[in-house]
Amino acid sequence: MKVAVIVAHPDDETLWAGGTLLSHPQWQVFVASVCRGDDADRAPKFTNALQVFHAQGAMATLDDGVEQTPLNEEALKQTILRLLPPIKYDLVITHDPSGEYTYHLRHIEVSKAVINLWNDQQITSKELWTFAYHDGNKKFYPRAIHDASIKSPLSLDIYAIKHQIMHEVYGYPLDGWEVKTTPMTEAFWSFTDTNMAKKWLESGRVLS
Ligand SMILES: [Zn+2]
């Protein structure tokens, strides 16, 4: 099973899909992060996290400043295609078009770009999953969406490793947002039909 995980930042792969990756050691995983390849702190931590997942990966250096200036969609797509080995994937996993929490533009942009690349067959994959989390409009830490296509409560062993990657590999403090947010249940919207994913994106994520 060849799997590509395409995220905005180093740590998104762990936060939103880390337990799922750890639960499938037979998957051949490639993780692409479009930002922070030039972050002297985060970039080496990403490499270390990939070792725990037995995954390959690559990072780019698209803008991730506090202003969150919108990215050019074409440049973002080209960056993703440049990072990703051009093979046929069984599964591509990326952000939800809602961005998991309120409000992260980079997550939203990556989601749209990947869904469009898949729909245009510039990325070939049998299936596409997007993360499925929400924060109740900032009311709580992001949690799995109840009626998502796939919901996987993590075993304590798997959750412990995921937690350890966040705290010890990425070095986030135990009382910080990142570790507290680390979901114990992972959830995804799953698609096998590129048109369906595209329509879902354009209709504001309403599944018919
Ligand atoms: Zn992120």
Side-chain angles (χ1 to χ4, degrees), residues 3-22 29-50 52-53 55 57-73 75-77 79-80 83-84 92-115 117 128-138 140-145 148 162-173 176-189 201 205:
V3 180
V5 182
I6 306 167
V7 291
H9 308 105
D11 73 9
D12 285 319
E13 78 295 331
T14 304
L15 265 177
W16 315 118
T20 300
L21 300 182
L22 292 165
V29 179
F30 189 94
V31 184
S33 166
V34 302
C35 299
R36 304 285 181 151
D38 51 355
D39 184 327
D41 178 54
R42 290 266 279 286
K45 292 174 176 172
F46 177 72
T47 307
N48 294 340
L50 292 191
V52 182
F53 292 120
M59 313 177 71
T61 59
L62 294 183
D63 170 72
D64 193 35
V66 277
E67 313 81 15
Q68 291 285 296
T69 311
L71 295 175
N72 173 288
E73 188 175 353
L76 173 57
K77 284 177 172 172
T79 299
I80 291 168
L83 289 175
L84 215 57
V92 167
I93 303 176
T94 193
H95 291 282
D96 182 298
S98 78
E100 291 74 57
Y101 57 89
T102 320
Y103 168 87
H104 208 310
L105 183 60
R106 288 293 174 267
H107 292 193
I108 295 167
E109 290 171 324
V110 168
S111 179
K112 287 180 181 169
V114 172
I115 292 171
L117 285 168
L128 178 127
W129 296 358
T130 78
F131 306 139
Y133 301 93
H134 72 132
D135 68 354
N137 206 10
K138 288 192 182 171
F140 39 78
Y141 293 111
R143 59 174 74 148
I145 292 175
K162 176 177 175 176
H163 190 275
Q164 204 172 15
I165 298 171
M166 292 302 288
H167 178 49
E168 290 175 20
V169 178
Y170 280 110
Y172 293 119
W177 184 90
E178 294 86 355
V179 169
K180 285 188 163 179
T181 227
T182 301
M184 296 186 76
T185 293
E186 296 187 352
F188 306 89
W189 299 110
L201 172 66
R205 298 166 62 240

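FYI, side chains are in, hydrogens and waters are out, and symmetry mates aren't considered; it's all heavy atoms of this structure. In listed order, ligands and their atoms are each counted from 1.
Residue side and main chain included, His9 places an N/O/S atom under 2.8 Å of the Zn ion (ligand 1). Among the backbone and side-chain atoms of His104, none of the N, O or S atoms lies under 2.8 Å from the Zn ion (ligand 1). Here Asp12 reaches the Zn ion (ligand 1): one of its N/O/S atoms is less than 2.8 Å from the metal.
His107 pairs with exactly one of Thr94, Asp96, Asp12 by the side-chain contact (heavy atoms from CB on, under 4.5 Å) rule, that one being Asp12.
With respect to Asp63 and Arg106, a salt bridge is recorded, a charged nitrogen being found less than 4.0 Å from a carboxylate O.
Closest approach of Leu15 to Glu186, counting heavy atoms only: O-OE2, 4.3 Å. Closest non-hydrogen pair, His104 versus Asp64, comes out as CE1-OD1, 4.2 Å.
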